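A short worksheet on the structure shown next.
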Amino acid sequence: MKRIKIKDLLKSTDYNKEVCIKGWVRTRRGNNHVAFIALNDGSTIHNLQVVVDMNLFDEELIRRATTGASIAAIGTLTPSQGSGQAVELIASQLEIIGDCDPNEYPLQPKKHSLEFLREIAHLRFRTNMFGAVTRIRHAMIFAVHDFFTSKGFVNIHTPIITASDAEGAGEMFQVTTLNMNNLPKTEDGKIDYSQDFFAKATNLTVSGQLEGELAAMAMADIYTFGPTFRAENSNTSRHLAEFWMIEPEMAFYDLNDNMDLAEEFLKHLIKYALDNCEDDLKFLSQRLIEEEKNKKAEERSMELIEKLRFVLENEFVRLTYSEAIEILKDSKPNKKGQFKYAITGYGSDLQSEHERYLVEKHLKKPVILTDYPKEIKAFYMKLNKDNKTVRAMDVLFPQIGEIIGGSQREESYDKLVARMDEMGIPKEEMEWYLDTRRFGSVPHSGFGLGFERLLLFVTGMGNIRDVIPFPRTPKNAEF
Ligand code: ATP
Ligand code: MN
C-alpha cells in the first residue's frame with residue numbers, strides 16, 4: 001500500500017478508507033488493553049496518534065515500537081476520542097521497520113538542552129525544535145528563489161574555490177593538494193604554489209559578490225545563493241565558519257533602489273514564513289516563552305509571531321552613520337560606560353551592542369544605516385561627494401544586529417583604482433574585475449544577506465548553531 005504523509009492525513013476527513021503511514025515513534029503509552037503510539041514522519045510538527053488494540057497484536061511487537069524505532073502502520077482514520085488531536089489511526093497492521101534500543105538511544109521523550117542536542121547533531125533532526133527549524137529553513141530557501149524569480153532576477157552559481165581575497169571580509173580557508181609534510185619551496189624559501197593543483201594559492205570564497213558583479217554587467221539583475229567560508233576566530237552566537245549567503249547584484253540601481261529592494265525582500269521572506277509555517281512558528285514561539293520564563297519581564301523577547309508581524313507592518317528607519325553616532329554618543333549606556341566599546345565620535349566602528357541599542361532601545365524598528373566612513377568599509381563601495389563616506393548600507397535587526405551588508409558600487413574605473421591603491425589592494429590579480437569598469441560600466445548596487453542570520457530572526461533561536469544542520473565553528477567540524 002502506498003504511504004501517505006502524516007501532514008496530509010491530519011487534514012483528511014476520509015474516515016473509512018485504509019491508509020498506510022510510516023515514521024518514527026516519539027512516545028508510546030497505554031495499558032494491557034490499548035497502546036497509543038505518537039508517530040512522526042518529519043512532514044509536520046504534529047504527531048499522528050496510532051491506537052493499537054492489544055488483543056489484536058503480539059505483545060512483543062508492541063514492546064518493540066518504542067521511542068526512536070521506525071514503524072509502518074496500516075489502519076483507518078477516525079475522529080479522535082481523546083483530547084489533543086482531531087483524528088487518530090486505528091491500527092489493523094503494524095510492522096517494525098527498524099528497532100531502537102531505548103537504553104542506548106540518546107533522545108529521551110523529554111526536553112533536552114540545546115547544547116546537548118548540538119553534541120548529537122546527527123540525531124537532532126528527530127526533535128520538534130530542529131524539525132521546525134529545518135522545515136522553516138526549507139521554506140525560506142524556496143521564498144528566496146520565489147522572490148527573485150518573480151522580479152526577473154537570474155540565479156548565478158559563483159565559484160566556491162577562488163584565487164582572490166575578495167574584500168578582505170575575513171580570514172580565508174586555504175585550499176591545496178600540496179603535501180603538508182613536504183612542501184615544495186622556491187629558491188627564496190617560499191612555498192612554491194606553481195606546483196599546487198591550480199598552480200597558484202587558492203581559498204574558499206568569503207563572498208560571491210565580485211563574480212556576481214560580472215554577471216550583473218550583462219544580465220542586469222542577478223543573485224547568488226551559496227556557501228561562504230570565514231576562518232575568523234569569532235566564537236559568537238551569530239558567526240559560523242561556513243554559512244550561506246544570498247547576494248543580489250543589480251545594474252542601474254542606486255543606493256535608494258538597493259535599500260528598497262532589501263526591505264521588500266526581507267518582508268517577503270517574513271510574510272512567506274507567517275503564511276506557510278504557522279504550526280512550526282507557534283511551536284517555536286512557545287519554546288521561546290518557556291526558555292525565557294525565568295527572565296525579568298523587560299528582558300524577555302517580543303512574542304515570535306508578533307515580532308514578525310511588527311517587522312512586516314513597519315517601515316525600516318533609514319539613518320546615516322553620522323546620525324547614528326550622535327545618538328550613540330549621547331546614549332545612556334555610552335555615558336555610563338556600559339558599552340564594551342565606547343563610542344567616541346565619527347570613525348568608531350559599530351559593534352553589535354551598538355547596533356542592537358539603536359534598533360531595540362532607541363528607534364524600536366529595523367534600521368538601515370548608510371554612508372559609513374570609507375576607512376571601515378570595502379574598496380568597491382562608491383565614494384560620496386564629501387570624499388569621506390561611502391554609499392554603504394547595513395540593515396540592522398532586533399536580536400541580530402547586522403543582517404544585511406550592502407552598498408552602491410564604485411562604477412568609475414579611475415576612482416576604483418585610486419581606492420585600491422589607497423588600500424594597498426594588488427590590481428594585477430583583479431584585472432578581470434576591473435574589466436567591468438572598462439567596458440560599458442554602469443551604476444550598480446547589491447547586498448549580502450546571511451541566510452542563518454535571517455533564520456535566527458524568523459525562528460527566534462538564540463544561537464546560530466541551532467539553525468543550520470551541521471554547524472562549522474572554531475574547533476568543531478563533527479558529523
Ligand atoms: P559581522 O560584522 O556581523 O561579522 P560582516 O560585516 O563581516 O558581519 P559582511 O561581510 O557584510 O558581514 O557579510 C554579509 C552578511 O553575511 C552579514 O550581513 C551577515 O548577515 C552575514 N555574515 C557575515 N559573517 C557571518 C558569519 N561568520 N556567520 C554567519 N553569517 C555571517
Ligand atoms: Mn564579520
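Just so it is clear, the model here is predicted, and its values are computed rather than measured. Only this structure's heavy atoms are used, side chains among them; waters, hydrogens and symmetry mates stay out. Whatever order the structure lists them in is the order used to number ligands and atoms, beginning at 1.
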_Atoms in ligand 1 flagged as close to Arg238, the criterion being non-hydrogen separation under 4.0 Å_ = 3 (O), 28 (N), 29 (C)

*Contact between Glu452 and ligand 1, counting heavy atoms under 4.0 Å?*
no

_Checking side chain to side chain contact (heavy atoms under 4.5 Å, CB included) between Arg318 and each of Leu369, Val367, Thr370, Asn256, which is the one that passes?_
Asn256

_If we count only N and O atoms by modelled type, under 3.5 Å, do the side chains of Thr320 and Asp371 hold a donor and an acceptor together?_
no

*Per-atom contacts of ligand 1 with Ile404, taking only distances under 4.0 Å to non-hydrogen atoms*: 18 (O)

*Find all atoms of ligand 1 within a distance of less than 4.0 Å from any non-hydrogen atom belonging to Gly405, and give their numbers and elements.*
18 (O)

*asked:* Taking distance alone, with N or O pairs closer than 3.5 Å, would you say Gly450 contacts ligand 1?
replied: yes

*Where do Ser441 and Arg437 come nearest, in terms of heavy atoms and distance?*
CB-CA, 3.6 Å

*Decide whether an N or O pair under 3.5 Å exists between Phe243 and ligand 1.*
no

_Checking side-chain polar atoms at under 3.5 Å, does Tyr433 have a donor or acceptor matched by the opposite partner on Glu213?_
yes

_I want to know whether Tyr321 and Tyr346 have ring centres closer than 6.0 Å._
yes

*Return a yes/no value for Leu240: is any of its N or O atoms, backbone included, closer than 3.5 angstrom to an N or O of ligand 1?*
yes

*Touching ligand 1 at all, Ile464? Heavy atoms, strictly under 4.0 Å?*
yes

*asked:* Minimum distance, heavy atoms only, to atom 14 (C) of ligand 1: which one of Gln351, Met245, Gln209 is it?
replied: Met245

*Kindly say whether the aromatic ring centers of Phe148 and Phe265 come within a distance under 6.0 Å.*
yes

*Proximity of Arg230 to ligand 1 by residue part, where a heavy atom lies under 4.0 Å*: side chain

*Could you walk me through whether Asp41 and Lys5 pass salt bridge (charged side-chain N to carboxylate O under 4.0 Å, His left out), step by step?*
CA-CA 7 Å; Asp41 68 358; Lys5 293 219 171 188; over 6 Å; no

